[in-house]
Amino acid sequence: MAEPSAAQPQRFDAIVIGGGAAGLMCALAAGRRGRRVLVIEHANRVGKKILMSGGGRCNFTNLGASPANYLSANPHYCKSALARYTPADFVALVERHRIAYHEKELGQLFCDDSSKQIVRLLLDECEAGGVRIETGCSVVSVDHGEGGFRLATTRGTATAPALVVASGGLSIPSMGASGFGYELARRFGHSVLPTRAGLVPLTLSGKPLERLAGLSGVSLPIEARCNGARFRNFLLVTHRGVSGPAILQISSYWNPGDDLRLDLLPDRDAFDWLRQQQAARPAAEFRTVLADALPKRYAQRLCETVFASRPMRQYRDAELRAIAAQLADWPLVANGTEGYRTAEVTLGGVDTNELSSSTMQSKRVPGLYFIGEVVDVTGWLGGYNFQWAWASGQACGNAI
Ligand code: FDA
């Protein structure tokens, strides 16, 4: 680009701020349509979150992705874009680039080899569309006038009739996350719904944390329930609280003070099972029986701190019923989350009521677009967030 002091700014059809999943997808779609596109990325490389995602193998979509898998103050907003660019569309792109992949569980698709292949795919497609990408480039100012947008950057000045904000959320600041998109939205008169960390480990304190002391690393299948949502998957005990897929999922539905419950025996009716055990092995200690259904150390700890352990024959029905009720509806008292440092996503963001659901364009400022995580649309764990990035990026790239 020309130096900032140069008289002639470089002209593009669209400038995309953010070289992440949504920004690159938008750029390649617009580039394919012959639009001259500039992507501005302030980190030293594009797609850093893609690279670190899915344990280095990128869970790039979910075969079952539907609007029901997303949280938003306006649940209808994501429907149009998701319907027009489906998981099958992204899979077709992956196959065209001969990237080997597999389904891990619950419709989650991962690369067989490396997340780098997804970034390479996006860069190759961008190159084919003549997209210009500037990494290590920061936006100094954004002006809007008759002819569109004028951006002064650390690499020069650029103008375009369309400006796409794809700068993501606040999660993992060390990867380049910034509040830039929210600030820009506010500056142009947009409402930004309160943001908070989602898909994030929960922290415990006091007695609940003491009860788990020394159990860090233990994992067990549970069902987590909060505010009408329920997820069945694993819980992992950490040094400061709890994590694992079931907890990450439910964390997006939890606010401090909300009632959060766990079914510690999600695959059975606890009362029936305890009665069967009592009949089958009346002399066995309760702790031994419980250790058949839960990790041994976890079961022992429950018996040390919550339930006393006696031979099974000594329990009356009412006692077994009370124990079963506790195991199936265990209150998890969390005191907070690990925050943006470890969160996979940011909940809240640019209010969708002020955006077009077919083009992602601002209803306030013509030519201004918001896509990806900066918008108040947040997916579950399992490839849904990338699917939103691809779908919103396509919708925008096809509209510019
Ligand atoms: P994204 O954050 O990808 O990109 C935004 C870009 O804008 C970044 O490159 C950033 O540096 C840049 N930027 C920010 N401010 C800027 C500024 N002022 N100027 C210029 N550039 C700026 N999802 C999923 O579906 N499957 C998965 O496996 C995972 N795994 C996963 C692991 C981890 C550790 C995290 C943190 C997240 C995930 N996710 C995920 C979530 C997923 O990464 C996320 O939802 C998408 O990357 C969002 O795409 P965006 O393009 O909107 O933002």
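In listed order, ligands and their atoms are each counted from 1.
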Report, as yes or no, whether the 6.0 Å neighbourhood of atom CZ on Arg196 holds more than 12 heavy atoms from other residues, nucleotides or ligands.
-> yes

Where is the nearest protein heavy atom to atom 29 (C) of ligand 1: which residue, which atom, and how far?
-> Ser53 CB, 3.6 Å

Got the closest protein heavy atom to atom 53 (O) of ligand 1, with its distance?
-> Gly168 CA, 3.5 Å

Do ligand 1 and Ala21 have nitrogen or oxygen atoms that lie under 3.5 Å from each other?
-> yes

Within residues 290-311 or reaching into it, pairs that qualify as ring pair (Phe, Tyr, Trp, His ring centres under 6.0 Å) - sequence neighbours excluded | Phe286-Phe307

Among protein heavy atoms, which lies nearest atom 31 (C) of ligand 1, and at what distance?
-> Glu344 OE1, 3.4 Å

If you have a sec, work out which protein heavy atom is nearest atom 34 (C) of ligand 1 and how many Å separate them, to one decimal?
-> Met52 CE, 3.7 Å

Got a second to check how far Lys49's NZ is from Ser115's OG, nearest 0.5 Å?
-> 14.0 Å

For Gly372, take its heavy atoms, then give the atoms of ligand 1 lying under 4.0 Å from any of them.
-> 52 (O)

So, is Ser171 polar-close to ligand 1, with some N/O to N/O distance under 3.5 Å?
-> no

Where the closest heavy atom to atom 5 (C) of ligand 1 is concerned, which of Ala166, Cys58, Gly19 has it?
-> Ala166

Nearest non-hydrogen protein atom to atom 11 (O) of ligand 1, with distance, is Glu41 OE2, 2.7 Å

Return yes if some donor-acceptor pair links the side-chain N/O of Asp13 with the main-chain N/O of Arg36 below 3.5 Å, else return no.
-> yes

Atom 36 (C) of ligand 1: nearest protein contact (heavy atom, Å) | Ile172 CG1, 3.4 Å

In terms of atom number and element, which parts of ligand 1 are under 4.0 angstrom from non-hydrogen atoms of Tyr384?
-> 25 (O)

Which option, Glu134, Gln387, Glu373, owns the non-hydrogen atom nearest atom 45 (O) of ligand 1?
-> Glu373

Output the list of atoms in ligand 1 that are nearer than 4.0 Å to some heavy atom of Gly383, sorted by atom number.
-> 24 (C), 25 (O), 26 (N)

Are any side-chain N or O atoms of Thr195 and backbone N or O atoms of Gly348, one a donor and one an acceptor, separated by less than 3.5 Å?
-> no

Geometric N/O contact Gly54 with ligand 1, under 3.5 angstrom = yes

Determine whether Val119 and Ile50 make a side-chain contact, defined as any pair of heavy atoms from C-beta on separated by less than 4.5 Å.
-> yes

Okay, side chain of Arg33, backbone of Ile400: is any donor-acceptor separation there less than 3.5 Å?
-> yes

Ile40 neighbourhood, listing ligand 1 atoms whose heavy-atom distance to it stays under 4.0 Å | 20 (C), 21 (N)

If you count the non-hydrogen atoms of other residues, nucleotides and ligands that lie under 6.0 Å from CZ in Arg310, is the total more than 12?
-> yes

Which atoms of ligand 1 sit under 4.0 Å from any heavy atom of Phe180?
-> 18 (N)

Proximal ligand 1 atoms for Gly20, defined as those under 4.0 Å from one of its heavy atoms = 3 (O), 4 (O), 6 (C), 9 (O), 51 (O)

Is there any N or O on Ala22 that sits under 3.5 Å from an N or O of ligand 1?
-> yes

Okay, side chain of Ser251, backbone of Val200: is any donor-acceptor separation there less than 3.5 Å?
-> yes

Any chance you could pull the hydrophobic cluster mates of Leu248, using side-chain heavy atoms under 4.5 angstrom and chaining through other members?
-> Leu199, Val345, Leu381

Does the side chain of Ser362 come under 3.5 Å of the side chain of His190 through a donor N or O and an acceptor N or O?
-> yes

Can the ring centres of Trp390 and Phe60 be said to be less than 6.0 Å apart?
-> no

Which of the numbered atoms in ligand 1 are below 4.0 angstrom from a heavy atom of Ile17?
-> 19 (N), 20 (C)

Atom 26 (N) of ligand 1 - nearest protein heavy atom and its distance = Asn59 O, 2.9 Å

For ligand 1, which atoms sit closer than 4.0 Å to a heavy atom of Ser178?
-> 14 (C), 15 (N), 16 (C), 18 (N)

Protein heavy atom at shortest distance from atom 13 (N) of ligand 1 | His42 NE2, 3.4 Å

For Glu223, the option from Arg261, Arg230, Arg268 that meets salt bridge (Lys or Arg N to Asp or Glu O under 4.0 Å) | Arg230

Between Asn398 and Arg84, do the side chains contain an N or O donor and an N or O acceptor separated by less than 3.5 Å?
-> no

Between Tyr340, Phe60, Phe386, flag the one that comes closest to atom 23 (N) of ligand 1 by a heavy atom.
-> Phe386

